[in-house]
Protein chains: 2
Amino acid sequence: MQSFTEENYLKVIYHLAEKTETVQTNAIAEQIQTKPASVTDMIKKLADKGLVDYIKYQGVSLTDKGRSAAIDIVRKHRLWEVFLVDKLNFKWDEVHDVAEELEHIKSVDLIERLDEFLGFPKSDPHGDPIPDKHGRFAKTQFIKLIDLKVGDSGTITGVSQHSSAFLKHLEKLGLTLGKQIQITDVTDFDGSVEILSSEKQINISREVAKHILISSNGKI
Amino acid sequence: MQSFTEENYLKVIYHLAEKTETVQTNAIAEQIQTKPASVTDMIKKLADKGLVDYIKYQGVSLTDKGRSAAIDIVRKHRLWEVFLVDKLNFKWDEVHDVAEELEHIKSVDLIERLDEFLGFPKSDPHGDPIPDKHGRFAKTQFIKLIDLKVGDSGTITGVSQHSSAFLKHLEKLGLTLGKQIQITDVTDFDGSVEILSSEKQINISREVAKHILISSNGKI
DNA sequence: AAAAATTTTTAGATTTACCTAAAAATAAAA
DNA sequence: TTTTATTTTTAGGTAAATCTAAAAATTTTT
């Protein structure tokens, strides 16, 4: 059984490992909002417990045991987010902090019943996949909106940025999960993208386009 | 803002203060499952924060601020218990430990939305009243079953013991909240009570009768 | 390949909540 | 009202998670 803090480290390492094979001390420190020295201490502890593989100065990676524990936390986080949005009418930009607390509640029974109560959802309010109770989940095939070409179209099925500011911005533009979009132009000057959605022309910055995930349905 | 641990102390002091005016160090230690010396330390801290009144060797009592914080935790605990039973189909003897964790989730918004989602319940699965968001709740008028006389009748509206063993026992006897009962006999020998409920004669020990709360509807 | 910059680790402290053992205060019994 | 028992507090220490400052290793630049 891991402490609240250990769980947070495992979760952060898990997410960082999605980008780089081995995870750097500084990267963890930034995510946890702590100092690199503290991270080194905790990494040693996690290594002793067999949750991470660690070679001094070479970064860490999760062991199978560590990954499994991390996925369990991710599962809880995402299920609670669904609960907050579907049942308590939170908006998708309001759920992160509360789910961050709820994910640490320790009761296998609670999570299985919650899963059932929510109808065994496959993805959370941001389109992220929810692992099943065995830790398995479909690696969904997302394409970043920024990588589409003029004429391409698809459906918004996720975001890769969960900040409230970003999500509120999308909300205001009407770019929510499930929306159909088509690329109509890409501006040479600033790389901003012109898209057609709900019969309206919308211009989004490169930065925004990077964090919208599309399940492509090819060219129209 | 209180820590997890401080919240537990406040809650325990609140409950103990329902029985005795000022609360003893040893009584707190027993509830928190810690040593009296640790309790003294924490009490000093709570006193410094203005949450309890404390005179050395004389026990503690909650200040208005402390009581308000305690009631807030009790409110959360009881609302989560309703959620677990009403929505996730937990039994009334299974909810305590999980609610003990959930009660520490810090989000005013969450609790108000949960309250609404549950339909603003007035009492929890054990019949205990749920404070409203201002900390107000009706002091319900309960009578202990043990204090009823032969011929008296009433409705089971609460229990004063939340252990799983006790609740499972009641469940097996069919003595759940809302059940009508009538006292048919009191045994001289061991003080056990003979009651009529759902057209069945049931014998319950004195110890059990002490912890069943009745809202009396007089003699029939 | 040496110098500079960055990253990471060590060493030594701090804070929170807890502990044991012994001393002090209070309450109960003789 | 002493003596005894109980309760509570103090004193000094521990473990978890953090910190700062300085040292060590690695990476990047020149």
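Each chain gets a letter, A, B and so on, in the order its sequence line appears, and its residues count up from 1. In what follows, every heavy atom counts, from backbone to side chain, and hydrogens, waters and symmetry copies are set aside.
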In whole Å, what is the span from the [atom1] atom of [X] to the [atom2] atom of [N]?
| X | N | atom1 | atom2 | result |
| --- | --- | --- | --- | --- |
| B:Q24 | C:dT26 | CD | C1' | 11 Å |
| B:I55 | D:dT8 | CD1 | C1' | 14 Å |
| A:K49 | D:dA16 | NZ | C1' | 10 Å |
| B:Q33 | C:dC18 | CD | P | 12 Å |
| A:K35 | C:dT7 | NZ | P | 15 Å |

message: Heavy-atom count check: over 12 atoms from other residues, nucleotides or ligands less than 6.0 Å from B:E171 CD?
response: yes
- prompt: Tell me, which of residues 4-15 of chain A have any heavy atom that sits under 4.0 Å from an atom in DNA chain C?
  reply: none
- request: Mind telling me whether A:H162 and A:H126 have parallel, tilted or perpendicular rings, with 30° and 60° as the class edges?
  value: parallel
Spacing of CG belonging to A:L84 relative to CZ belonging to B:F117, to within rounding of 0.5 Å: 11.0 Å
message: Counting C-beta onward and ignoring hydrogens, is there a side-chain heavy-atom pair between B:E7 and B:K106 closer than 4.5 Å?
response: yes
task: On DNA chain C, check which nucleotide each of B:M42 and A:Q58 is closest to and give me the residue with the more 5' one.
output: A:Q58
field: Six-ring centre of A:F83, B:K87 cation under 6.0 angstrom, axis tolerance 45°
entry: no
- request: Answer yes or no on whether A:R113 is positioned over the face of B:F90, meaning its NZ or CZ is under 6.0 Å from the six-membered ring centre and within 45° of the axis.
  value: yes
Taking only side-chain N and O atoms of [X], does any of them lie within less than 4.0 angstrom of OP1 or OP2 on [N]?
| X | N | result |
| --- | --- | --- |
| A:S38 | D:dC19 | yes |
| A:T34 | D:dT18 | no |
| B:N26 | D:dT8 | yes |

- line: Heavy-atom nearest pair, A:E21 first then A:S61, reads O-CB, 4.4 Å
- request: Might you point out which heavy atoms bring A:L175 and A:I181 nearest each other, and give the distance in Å?
  value: CD2-CG2, 4.2 Å
Distances for protein N/O vs nucleotides 10-12 of chain D N/O pairs under 3.5 angstrom?
unit_1 : atom_1 : unit_2 : atom_2 : d
D:dT10 : OP1    : B:K56  : NZ     : 2.4
D:dT10 : OP2    : B:K44  : NZ     : 2.5

Lys/Arg N to Asp/Glu carboxylate O, B:E103 vs B:R75, below 4.0 Å: no
